[in-house]
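Below: the structure, in structure tokens.
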Amino acid sequence: MTVRAVLGIRRWRRNPVCRATDRHEAWVALAALLLMLLAAPVLGWKAGSLTDDSLRRTVRAQHEQRRLTPAVVVRVAPGTSRFAQDPETAVTEDSMRRSVVADWLAPDGTARTGTVSTASTKTAPGTPIEVWTDHRGDPAMRPMDISAAHTHAVLAGIGVALLAGGATEAARRLVVWRMMQRRYARLDRAWAEVGPDWGRTGTGS
């Protein structure tokens with residue numbers, strides 16, 4: 001619809017029956033098309049760039065605050081016989097994780113026991129595994145990968161670009177609707193002026 005209205009600008013410029021509102025609608029469509037082709041991609045790129053910078057800082061902070069810690073499986077966690085997927089790594093990993101009760105040592109040497117998630121296929125008691133912990137030695141989620149952060153940033157940029165394009169088209173439709181309403185109002189006023197005399201012979205003579 002927008003492209004067709006834009007193409008009508010050249011056709012309507014010298015058309016004797018072209019109304020001023022037709023030209024106005026075409027110029028509105030042209031402005032909307034330029035915004036969709038130029039402004040929306042720029043906004044998407046900017047949003048994606050800002051999101052990528054923010055997520056990269058988050059990734060660095062997570063890798064600084066979390067570490068892989070050696071642990072030993074005590075038993076499979078009750079009620080978690082089914083596999084569960086780590087939500088933070090779902091973008092880059094398809095591996096399934098299992099919850100187990102394990103023992104490990106905190107950085108200060110304190111023995112810890114708790115339920116942790118592991119991708120190891122061997123979860124028999126006494127099996128050595130590695131778990132993610134924070135600086136206190138408490139269980140932590142696996143840090144986000146740079147590739148996952150980049151994917152999220154790209155999706156955010158695409159989303160913003162599509163949203164900007166949709167908002168531009170909605171604004172164009174609203175402006176055109178308002179212009180049509182004004183056109184109909186002018187037609188109604190014109191008809192009200194000439195309507196009572198329509199078909200009368202010698203009217204105005």
Side-chain angles (χ1 to χ4, degrees), residues 32 35-173:
L35 287 175
M36 290 181 190
L37 295 179
L38 301 177
V42 170
L43 288 176
W45 174 83
K46 187 64 176 179
S49 178
L50 292 175
T51 302
D52 189 59
D53 291 341
S54 177
L55 290 178
R56 284 178 181 272
R57 290 193 295 270
T58 299
V59 169
R60 287 194 296 268
Q62 288 183 354
H63 279 273
E64 290 173 357
Q65 298 169 1
R66 305 174 190 181
R67 65 171 187 165
L68 279 174
T69 302
V72 177
V73 176
V74 176
R75 62 182 182 278
V76 175
T80 56
S81 58
R82 67 180 184 278
F83 289 99
Q85 195 171 33
D86 186 342
E88 285 196 15
T89 59
V91 175
T92 56
E93 287 188 356
D94 293 326
S95 61
M96 306 304 288
R97 306 182 69 85
R98 174 176 290 180
S99 294
V100 298
V101 177
D103 292 333
W104 69 91
L105 295 178
D108 60 2
T110 304
R112 299 290 183 89
T113 300
T115 301
V116 294
S117 179
T118 178
S120 176
T121 58
K122 298 179 180 180
T123 55
T127 301
I129 60 173
E130 289 186 326
V131 298
W132 286 99
T133 61
D134 59 20
H135 63 282
R136 296 187 303 269
D138 296 328
M141 296 293 291
R142 184 183 187 277
M144 182 183 293
D145 296 326
I146 289 293
S147 59
H150 181 68
T151 300
H152 285 301
V154 170
L155 292 176
I158 293 175
V160 170
L162 292 177
L163 183 62
T168 301
E169 175 61 14
R172 183 194 71 83
R173 289 176 179 269

**OP:** Could you pull out the closest heavy-atom pair between G165 and A40, with the gap in Å?
**Re:** N-CB, 4.1 Å
Subject >> Gap between atom NE2 of H152 and atom CG of L55 - 0.5 Å precision >> reply: 7.0 Å
**OP:** Please answer whether the main-chain N or O of M141 pairs with a side-chain N or O of R66 as donor and acceptor at a distance below 3.5 Å.
**Re:** yes
Original post:
So do the side chains of P139 and W132 get within less than 4.5 Å of each other, counting heavy atoms only?
Top reply: no
**OP:** Check side-chain contact (heavy atoms from CB on, under 4.5 Å) between T168 and all other residues, then give those that pass, not counting sequence neighbours.
**Re:** A32, L35, M36
**OP:** Return the minimal non-hydrogen interatomic distance between A149 and V59, and the atom names on each side.
**Re:** CB-CG2, 3.9 Å
Original post:
What residues form a side-chain hydrogen bond (donor to acceptor under 3.5 Å, both in side chains) with T58, not counting sequence neighbours?
Top reply: none
Original post:
Residues two or more places apart in sequence or in another chain: which of them pass side-chain contact (heavy atoms from CB on, under 4.5 Å) with H135?
Top reply: none
Subject >> R173/E169 ion pair, N-O < 4.0 Å >> reply: yes
**OP:** Can you sort out the partners of A71 under side-chain contact (heavy atoms from CB on, under 4.5 Å), two or more places apart, ordered by chain and number?
**Re:** A102, W104, I129, V131
Subject >> Shortest non-hydrogen contact between V160 and A47, atoms and distance >> reply: CG2-CB, 3.5 Å
Original post:
Is it true that a side-chain atom of T127 and a backbone atom of A124 form a donor plus acceptor pair closer than 3.5 Å?
Top reply: yes
**OP:** Sequence neighbours left out, what passes salt bridge (Lys or Arg N to Asp or Glu O under 4.0 Å) with D134? Give chain and number order.
**Re:** R136
Subject >> Which residues share a side-chain hydrogen bond (donor to acceptor under 3.5 Å, both in side chains) with T69, sequence neighbours left out >> reply: T133
Subject >> Qualifying salt bridge (charged side-chain N to carboxylate O under 4.0 Å, His left out) pairs with a residue from residues 41-59, counting only residues at least two apart or across chains >> reply: D52-R56
Original post:
Among all residues two or more places apart in sequence or in another chain, which pass the salt bridge (Lys or Arg N to Asp or Glu O under 4.0 Å) test with R67?
Top reply: none
Original post:
Which of these passes side-chain contact (heavy atoms from CB on, under 4.5 Å) with R75: V101, V100, T123?
Top reply: V101
Subject >> Interatomic spacing from CZ in R60 to NE2 in H63 - rounded to 0.5 Å >> reply: 11.0 Å
Original post:
salt bridge (charged side-chain N to carboxylate O under 4.0 Å, His left out): which pairs involve residues 110-121, sequence neighbours left out?
Top reply: R112-D138
Subject >> T110: partners by side-chain hydrogen bond (donor to acceptor under 3.5 Å, both in side chains), with sequence neighbours left out >> reply: D108
Subject >> Residues in side-chain contact (heavy atoms from CB on, under 4.5 Å) contact with V154, at least two apart in sequence or another chain >> reply: H150, I158
**OP:** Compare every heavy atom of T115 with every heavy atom of A77, then report the nearest pair and how far apart it is.
**Re:** CB-CG2, 3.9 Å
Original post:
Once you round to the nearest 0.5 Å, how far does CZ of R142 lie from OG of S117?
Top reply: 11.0 Å
